[in-house]
Amino acid sequence: MNALISTALSGVVLMFVGLFVRNKQHIKFFAIAAVIIAFIANLAQYPSVELGGYVMYGMIEVTKFGVLFNAVALGATLLYFLLSGSEFEKVGEHVADYFALIFFILAGISLAASFSNLLMLFLAIEIMSIPQYILAGADKKNLKSNEASLKYFLMGAFSTGILLMGITLIYGAAGTFNITELGLGAESVHPLALCGIILMVFALSFKVSAVPFHFWTPDVYDGSPTVFTSFMSTVVKAGGFIAFLRMFHTSFAGGTISEHWTLILSIITAATLILGNFSAVFQQSVKRMLAYSSIAQAGFMLFAVIAMNNMGTQGVILYSAAYSIATIGVFAVLMKLKDYTFEGFNGLARKQPLLAVAVTIFLFSLAGIPITAGFFAKYFVLSAAIQHGHLLWLVILAVLCAAISVYYYFRVIIAMYFKQGDPGVENITGGFKAALILAIALVLVLGLFPNLLLCWL
Amino acid sequence: MLTVLLILIPFIAGLIAFGLKGSGPKVLGMISSLATVVIAIGAWGRFGTAPDSLNFVANWIPQLGSQFRVGLDGMGVMLCLLTAIAFLLVFITIYNRNYERSNSFYGLMLLSQAGLMGVFTAFDALQFYIFWELALIPVYFLCSLWGGEKRIAVTFKFFIYTFLGSLLMLVGIIYLYFQTPDHSFSWASFTSMHLNPEDQKWLFWLFFVAFAIKMPVFPFHTWQPDTYEQSPTPVTMILSGVMVKMGLFAVLRWLLPVIPQGAAMWSDVAIVLCIIGIIYASCIAMVQNDLKRLIAYSSIAHIGLMCAAIFANNEQSLQGVMIQMFNHGINIIGLWIIVEIIQQRLGVKNLDQMGGMAQKAPRMAIFLVIISLANIGLPLTNGFIGEFLMFSGLFQYNHWFMAFAGLGIILAAVYTLGMIQKIIFGQGNTLTDTTTDLQPGETLALSLVVIMILVLGVYPKPMLDLVSSTSEVVNKLF
Amino acid sequence: MTLLSIDWFFIIEKVLLISVVLVLSLVVAMYSTWGERKVAAWIQDRLGPNRAGPMGLLQPLADGGKLFFKEEIIPTNANKFLFILGPSIAMMVACMTSAVIPWGDTLVIAGHPVSLQVADVNIGVLFIFGVVSMGVYGIMIGGWASNNKYSLMASVRAASQIISYELPMGLALIALLMLTGTLSLKEIVEQQRHGLWNVVYQPLGFFIFLICAFAECNRTPFDLPEAENELNGGYHLEYSSMKLGFFLFAEYINMFISSALIATMYFGGYAFPYMDSLGLNPNMVTILGFLALFLKTLFFIFFFMWVRWTIPRFRYDQLMRLGWKVLIPLALANMLITGAVILARQH
Amino acid sequence: MPVQYYIFLSIALFCIGVMGVLMRRNAIIIFMCIELMLNAVNLLMVAFSKMWADAGRVDAGSAQLFVFFIMVVAAAEVAVGLAIITMVYRNTHSVDINILNRLKN
Amino acid sequence: MVYLQYFCAFGQCFIGKLMYTDTEFLSATTTPFSYFPIVLQLIAALGFVGITMLATHFLGPKRKTSDKLINFESGIEQKGNARQPMAIKYFLTAILFVLFDVEVIFFYPYAVNFKDLGWDGFMAMLMFVAFFLCGFIYITKKGALKWED
């Protein structure tokens with residue numbers, strides 16, 4: 001709740017900061033300060049929910065889980081600001097507005113982490129989505145950015161329509177918007193609700209870009225200004241998952257019907273994994289590769305949703321953290337390069353060893369190699385699926401896909417370390433290096449001691 | 001604590017080495033590997049007197065029931081010793097070489113040593129998995145950075161193979177974890193749970209594929225000859241001397257005791273695969289002209305035999321496998337040292353371009369002959385006792401299997417002797433005429449190898465004593 | 001034979017009422033043109049129309065007839081369908097607004113109560129809002145379809161202006177709604193019948209509403225969309241014949257309806273002082289009420305004209321600034337003050 | 001009127017919207033189709049609200065509240081969406097989504 | 001299956017209800033039938049507009065010349081298409097209208113229930129107005145409402 005209020009207010013404040021502060025550096029500092037305040041405010045709420053969540057007017061339910069997820073999202077955003085905050089200036093004039101939009105997205109995410117009413121789910125998803133449409137098109141003169149924005153907008157609005165129809169049909173069947181009372185996994189479900197659920201699953205899959213509702217993702221991620229792609233494909237995506245997870249775990253679980261939802265979703269997951277990974281293999285641009293990899297990673301996060309158990313909840317937190325930090329890191333380095341293709345990385349290890357090491361560790365984390373956070377993230381979601389009991393085929397598939405993912409992640413490493421080249425690199429400041437080291441440390445610490453994060457749950 | 005030191009020393013030394021310049025890394029590597037040898041020997045001593053003191057447990061991820069749990073049994077002590085010795089030998093051999101970016105080279109070498117030590121000492125499945133992966137990554141970088149022309153593609157293949165295998169193992173580990181009554185990863189919980197045979201049937205393959213890729217067993221071996229050929233020879237030494245033992249070790253530690261019925265169900269299949277591997281690899285080795293590939297294939301054959309012996313599931317064969325793990329490690333490292341020397345002197349790997357080295361480098365020739373014979377398993381060399389035990393174990397299991405595996409011995413003799421003949425006898429050519437004999441460092445390394453070969457060949461009792469307790473445990477649980 | 005159970009009386013009654021209202025609107029609109037010219041003449045100290053009939057009273061008929069018989073021109077570049085659609089919508093909307101205005105209380109004819117309101121819906125105010133905002137489509141489509149630069153410019157201006165003034169209008173109404181607590185126009189009138197007129201409580205609200213009504217009807221001083229010296233006649237530049245007539249008519253009907261609405265909402269509608277204490281026949285009271293409303297409406301129509309010939313046209317930026325920066329904050333403040341005062345008086 | 005009427009009407013409108021989105025190529029028309037979908041939802045939502053209110057649920061008004069929120073969000077989407085379409089139009093002089101295929105490799 | 005039932009029900013109700021439009025429904029203000037007169041008026045308005053349009057179409061003379069059918073541009077030759085992008089200001093106004101208008105929507109239910117909600121509701125509304133003003137001040141400061149330039 002604190003996170004929601006503080007981020008929303010920060011957004012408004014930053015809008016006004018943009019009016020009165022001309023220096024873009026200062027705006028960045030404002031944003032960083034605001035996100036730190038939000039982070040602290042969010043944590044300050046932890047003691048009050050430690051023994052059990054509380055519900056506000058049947059709309060929002062603040063739980064430990066929600067607070068923790070907000071902490072992860074805010075932390076990742078802080079890292080993002082530290083690493084890429086100065087890239088905002090390159091996109092366009094309205095730096096403060098971009099920051100403000102990001103804060104609004106964060107408000108949406110914190111709502112997504114704690115909704116207990118379908119209305120709030122809808123609002124959360126919209127608050128997350130609409131600023132993204134703008135951010136995607138922030139580079140106004142760039143046709144690719146334009147296209148990304150338009151595509152994202154049309155697809156996003158379309159999926160919103162579908163989501164709403166789903167919600168309405170469910171409401172028609174159940175007579176309530178409260179997710180704890182819906183009971184969609186029960187023994188029998190009203191036919192209206194059946195249609196509603198399917199529409200809803202589709203729409204949410206859309207938002208988290210699960211196959212076959214992913215087709216907008218690569219184009220949008222590729223076309224958007226890189227600095228925003230970085231945020232969209234990480235924190236925001238995690239926010240989508242948290243909404244999905246809450247919905248699924250509260251309303252869809254328990255009961256015989258829930259197996260059918262699990263089946264639908266596991267097919268979606270399988271498709272996501274296969275398509276995401278195989279497409280990523282064939283990309284020439286690292287940015288686009290990361291776009292597809294984000295689809296593939298979405299497949300892994302879907303495990304947490306399907307499994308509907310405690311392990312999955314922990315997994316999605318850890319996965320969000322690991323995936324966000326690592327991807328933000330890779331993007332931060334990518335933005336420092338002139339050439340976004342794999343060749344652009346050739347010989348980076350010679351020229352900028354720290355950057356190369358950082359990218360290597362982040363990619364290790366994405367691939368799920370031990371002692372990086374990504375390993376435990378994958379571990380938890382796979383565990384969740386195995387614990388579920390009926391998803392072993394999916395787990396094996398996921399493992400095969402993880403091996404494929406190594407292929408495209410390591411192409412970057414190979415380019416950096418084993419190939420000759422002279423990559424064009426922008427000036428690297430000390431602050432950037434420090435932030436990068438912080439990110440590396442986070443990845444490694446979470447990789448060694450995931451309980452540092454999970455002990456809060 | 002000794003056990004933890006075995007991991008920590010190379011790990012810290014490795015990290016430090018990245019920051020050093022000039023000959024610093026070299027010296028550091030030497031010191032660190034000497035220290036690990038000393039500690040390993042110390043651990044051996046402790047093992048006789050107070051084996052419990054070698055165990056160390058610390059809390060790690062309490063939510064998961066995973067602990068930092070290291071310990072040493074007989075097999076562990078032996079393999080740690082092998083690892084320590086292997087790295088020492090490697091560092092002695094390459095002491096005079098100057099590698100480009102030697103700090104990274106030594107750093108990565110030491111890190112891989114830390115990983116290996118971790119694998120051999122882990123008594124917690126999750127931790128085992130993590131070390132299993134960690135041992136791989138430095139090797140990947142070593143091969144890709146300092147290897148031959150086709151190194152990038154080849155090592156990539158190697159990496160993906162093993163990574164895929166280990167992920168399958170991870171699935172298996174997680175599955176087993178949920179089956180344990182106390183939700184723990186400890187070896188004790190894993191071995192004490194009651195799995196139903198249906199589960200064991202497929203779980204076996206999750207683990208076996210991972211281990212088979214590492215060993216490698218036919219048909220998972222395709223990465224191996226290429227990687228051995230393309231890797232820088234010091235890395236090949238580690239790969240073939242120690243890393244392949246990870247697979248065997250893992251079968252003994254984590255497969256047989258944990259999934260006994262699964263292993264029993266599939267042991268025939270596994271053995272058949274191994275024997276196919278033995279014969280197939282031996283045949284290819286016979287017609288192989290490339291020195292490195294020849295030894296690589298011979299390694300497949302030897303490992304195949306060991307693996308087959310493991311699945312023969314009796315105490316004799318298990319004991320044989322265990323000491324053969326050590327001995328084969330020593331022998332093959334010896335061989336690779338010589339290969340490294342030849343390659344460095346001649347700059348070629350093709351056997352047809354060699355010959356007459358006996359005249360130019362008599363000392364080397366002697367070493368080569370002794371090590372090769374040990375590798376074939378001639379009596380009074382260390383190879384003999386292990387092979388003997390394995391064959392007798394295999395014989396007890398099934399005569400036919402033994403017969404086919406025995407064919408491997410004969411073929412091994414054929415190609416090994418052929419190799420010796422091609423290298424040191426016959427006419428020299430312009431290339432070999434320039435050869436010089438061993439340098440002091442090389443002599444030292446080879447002498448150590450040969451001493452071990454002879455001593456263990458004549459007096460294998462300490463080794464047998466060391467591993468007998470472990471083989472009993474494994475056999476009992478199996 | 002379920003068909004027979006339809007309440008034919010009801011339907012006939014409504015049809016009659018609708019016809020009367022529509023005809024009344026048209027006639028008022030027609031004579032507004034005459035009135036406009038007369039008022040203009042009076043203000044400018046000249047005679048105005050005086051040829052056709054006594055005092056030129058037949059002038060509107062002549063004008064109407066002329067419009068019917070004029071050639072219908074549709075430019076080649078225009079989009080024909082939209083070109084016809086534009087004025088049609090404008091006219092339609094103008095005709096629809098009157099549906100919820102209570103023209104009077106209930107008449108009792110042959111024992112049947114006959115309401116002088118076409119439809120007493122409980123969201124009357126919203127209905128008017130909804131329908132009125134459709135009006136902008138007529139102008140916009142008309143301007144766009146003409147494919148004329150002036151027309152397009154004018155229609156864009158008109159659209160901007162109308163939507164801009166809809167905001168303060170809505171906000172002003174909200175203050176009124178806080179007072180009345182209902183959206184039904186009938187009830188609003190009934191409340192005023194038994195109490196004071198709303199303008200007493202809502203002078204500022206009335207003022208804002210009035211200004212917005214001027215803007216919504218594109219009346220001077222806000223007649224930028226047809227500013228002839230800038231735009232050659234505005235969005236209906238390309239129109240001729242009855243299509244032009246529709247645009248013009250629509251404007252006058254809107255003026256009429258706006259006046260009626262202002263009278264209804266702020267000046268008691270058909271209520272007049274002492275209407276319940278005169279002791280007359282209820283039907284008589286109703287008829288008097290209707291006349292009262294009509295008079296009030298006529299006054300406001302006159303006011304519209306008076307303003308037109310008194311105040312010069314705004315500049316566009318002045319217009320927008322007035323709408324956004326003055327009226328919206330004023331309306332908000334009015335709303336908040338109203339709310340606070342009402343709540344304070346409640347306790 | 002029974003709620004079925006509304007269900008059918010809404011579903012029909014919704015399907016028209018969906019088909020429009022899938023088949024039309026003009027960004028503005030797609031956008032209008034999306035709005036049609038949202039309005040279909042609004043209608044249905046209100047109908048259901050009435051239905052549940054008749055069935056005696058005291059909280060049935062929340063569905064009408066939902067409609068308000070949908071409207072607001074739709075307005076926000078309109079604002080953003082039209083801005084985006086305008087931006088695209090200014091850069092490409094077209095709002096046909098078919099010509100926007102630069103990103104496809 | 002269920003939809004089939006719905007369909008049948010729909011059919012029955014359709015025939016039943018439309019034929020049977022009772023006074024009860026027509027006079028009450030809370031049912032959909034209270035809008036019936038509005039429909040009547042709509043039909044009347046449509047009829048009037050349609051008939052007049054048709055009538056004038058046939059009544060007026062038709063003497064079309066190409067010059068007459070050209071768009072009027074103050075007598076000078078026509079240049080280009082009229083449908084050029086307009087100043088972005090108009091568009092911005094439209095968007096701002098959409099945004100602020102929906103905020104106004106929220107005032108309506110509040111205004112109707114305002115007396116029941118009392119001071120609590122007033123405070124909530126005050127907050128809402130504060131946000132409204134935030135947006136308003138923001139756009140003003142951003143210069144969205146500046147027409148002078």
Side-chain angles (χ1 to χ4, degrees), chain A residues 309-311 314 318 349-350 353 357 360-361 364 367-372 375-376 378-389 391-407 409-411 413-419 447-457, chain B residues 11 18 59-64 66 68 101 104 111 115 118 126-137 140-141 143-147 151-153 155-157 159-179 183 185 199 202-203 205-206 209-210:
Chain A
N309 53 32
N310 196 27
M311 207 82 175
Q314 294 178 331
L318 200 59
R350 293 278 172 112
V357 167
T360 309
I361 287 174
F364 277 177
I369 285 169
I371 78 157
T372 58
F375 166 68
F376 274 109
K378 278 215 170 63
Y379 171 84
F380 270 91
V381 293
L382 290 182
S383 292
I386 291 173
Q387 195 181 14
H388 181 272
L391 297 168
L392 214 68
W393 62 276
L394 198 54
V395 173
I396 302 284
L397 180 75
V399 160
L400 294 176
C401 288
I404 295 169
S405 78
V406 167
Y407 177 78
Y409 289 134
F410 272 50
R411 272 177 77 186
I413 296 177
I414 288 171
M416 287 190 304
Y417 281 95
F418 313 140
K419 298 225 167 119
L448 283 171
F449 305 106
N451 49 328
L452 287 181
L453 192 59
L454 298 178
C455 66
W456 298 88
L457 208 60
Chain B
F11 182 71
F18 279 108
N59 261 341
W60 183 31
I61 312 172
Q63 285 98 330
L64 288 184
S66 178
F68 184 78
R101 278 175 290 163
S104 305
L111 285 185
L126 194 58
Q127 187 196 341
F128 166 75
Y129 174 79
I130 287 176
F131 279 119
W132 177 273
E133 292 277 336
L134 281 189
L136 171 69
I137 288 164
Y140 168 71
F141 276 92
C143 297
S144 294
L145 280 170
W146 287 276
R151 62 188 190 274
I152 293 173
T155 40
F156 201 33
K157 182 175 160 194
F159 186 86
I160 288 192
Y161 253 74
T162 38
F163 187 67
L164 176 61
S166 51
L167 278 173
L168 290 174
M169 174 170 80
L170 180 64
V171 174
I173 289 176
I174 298 173
Y175 189 86
L176 286 176
Y177 163 76
F178 284 115
Q179 308 297 317
H183 279 244
F185 283 102
D199 282 349
W202 55 266
L203 272 171
W205 285 101
L206 290 184
V209 168

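- The local environment of CH2 in B:W205 is crowded, with over 12 non-hydrogen atoms from other residues, nucleotides or ligands closer than 6.0 Å.
- For B:F156, the part sitting under 4.5 Å from any heavy atom of chain A is the side chain, from C-beta outward, and nothing else.
- Contacts of B:L170 with chain A are made by side-chain atoms alone, with heavy-atom separations under 4.5 Å and no backbone atom involved.
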* Give the C-alpha distance, both sets of side-chain angles, the deciding distance and a yes or no for side-chain contact (heavy atoms from CB on, under 4.5 Å) between A:Y409 and A:F364. => CA-CA 8 Å; A:Y409 289 134; A:F364 277 177; over 6 Å; no
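- Heavy-atom distances place the side chain of B:F159, and not its backbone, under 4.5 Å from chain A.
- No part of B:W132 comes within reach of chain A, as not one of its non-hydrogen atoms sits under 4.5 angstrom from that chain.
- Interface residue A:L454: backbone and side-chain heavy atoms are both found under 4.5 Å from chain B.
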* **Stepwise side-chain contact (heavy atoms from CB on, under 4.5 Å) check, B:F163 with A:F410** => CA-CA 12 Å; B:F163 187 67; A:F410 272 50; over 6 Å; no
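- The structure places CG of B:L145 at 9.0 Å from OG1 of B:T155, a figure rounded to the nearest 0.5 Å.
- For B:I137, the part lying under 4.5 angstrom from a heavy atom of chain A is the side chain only.
- A:Y379 touches chain B through backbone and side chain together, each having a heavy atom under 4.5 Å away.
- Proximity to chain A is limited to the side chain of B:Y177, based on heavy atoms less than 4.5 angstrom apart.
- By the 4.5 Å heavy-atom criterion applied to side chains, A:T360 and A:Y417 are counted as neighbours.
- Ranked by heavy-atom pairs shorter than 4.5 Å toward chain B, the options A:M311, A:K419, A:Q314, A:R350 are led by A:R350.
- Within the 4.5 angstrom heavy-atom criterion, atoms from both the backbone and the side chain of A:L400 approach chain B.
- Interface residue B:L168: backbone and side-chain heavy atoms are both found under 4.5 Å from chain A.
- Checked by atom type and distance alone, the side chain of A:N451 never pairs as donor or acceptor with a backbone atom of B:I61 at under 3.5 Å.
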* To do: Apply the test side-chain contact (heavy atoms from CB on, under 4.5 Å) to residues A:C455 and A:F449: give CA-CA distance (whole Å), side-chain angles for both, the deciding distance (0.1 Å), then the verdict.
  => CA-CA 10 Å; A:C455 66; A:F449 305 106; over 6 Å; no
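- For A:L392, the part lying near chain B is the side chain, with the backbone staying farther off; criterion is any non-hydrogen pair under 4.5 Å.
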* Between B:L111 and B:F18, is a side-chain contact (heavy atoms from CB on, under 4.5 Å) present by the stated rule, with each step listed? -> CA-CA 10 Å; B:L111 285 185; B:F18 279 108; 3.8 Å; yes
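- For the options B:I173, B:L206, B:L167, heavy-atom pairs under 4.5 Å to chain A are most numerous at B:L167.
- Using a 4.5 Å cut-off between heavy atoms, B:L126 touches chain A through its side chain atoms alone.
- Only the side chain of A:F380 comes within less than 4.5 Å of a heavy atom in chain B; its backbone stays farther off.
- A ring-centre distance under 6.0 Å is found for A:F375 and B:Y129.
- B:W60 has its ring centre no less than 6.0 Å from the ring centre of B:F185.
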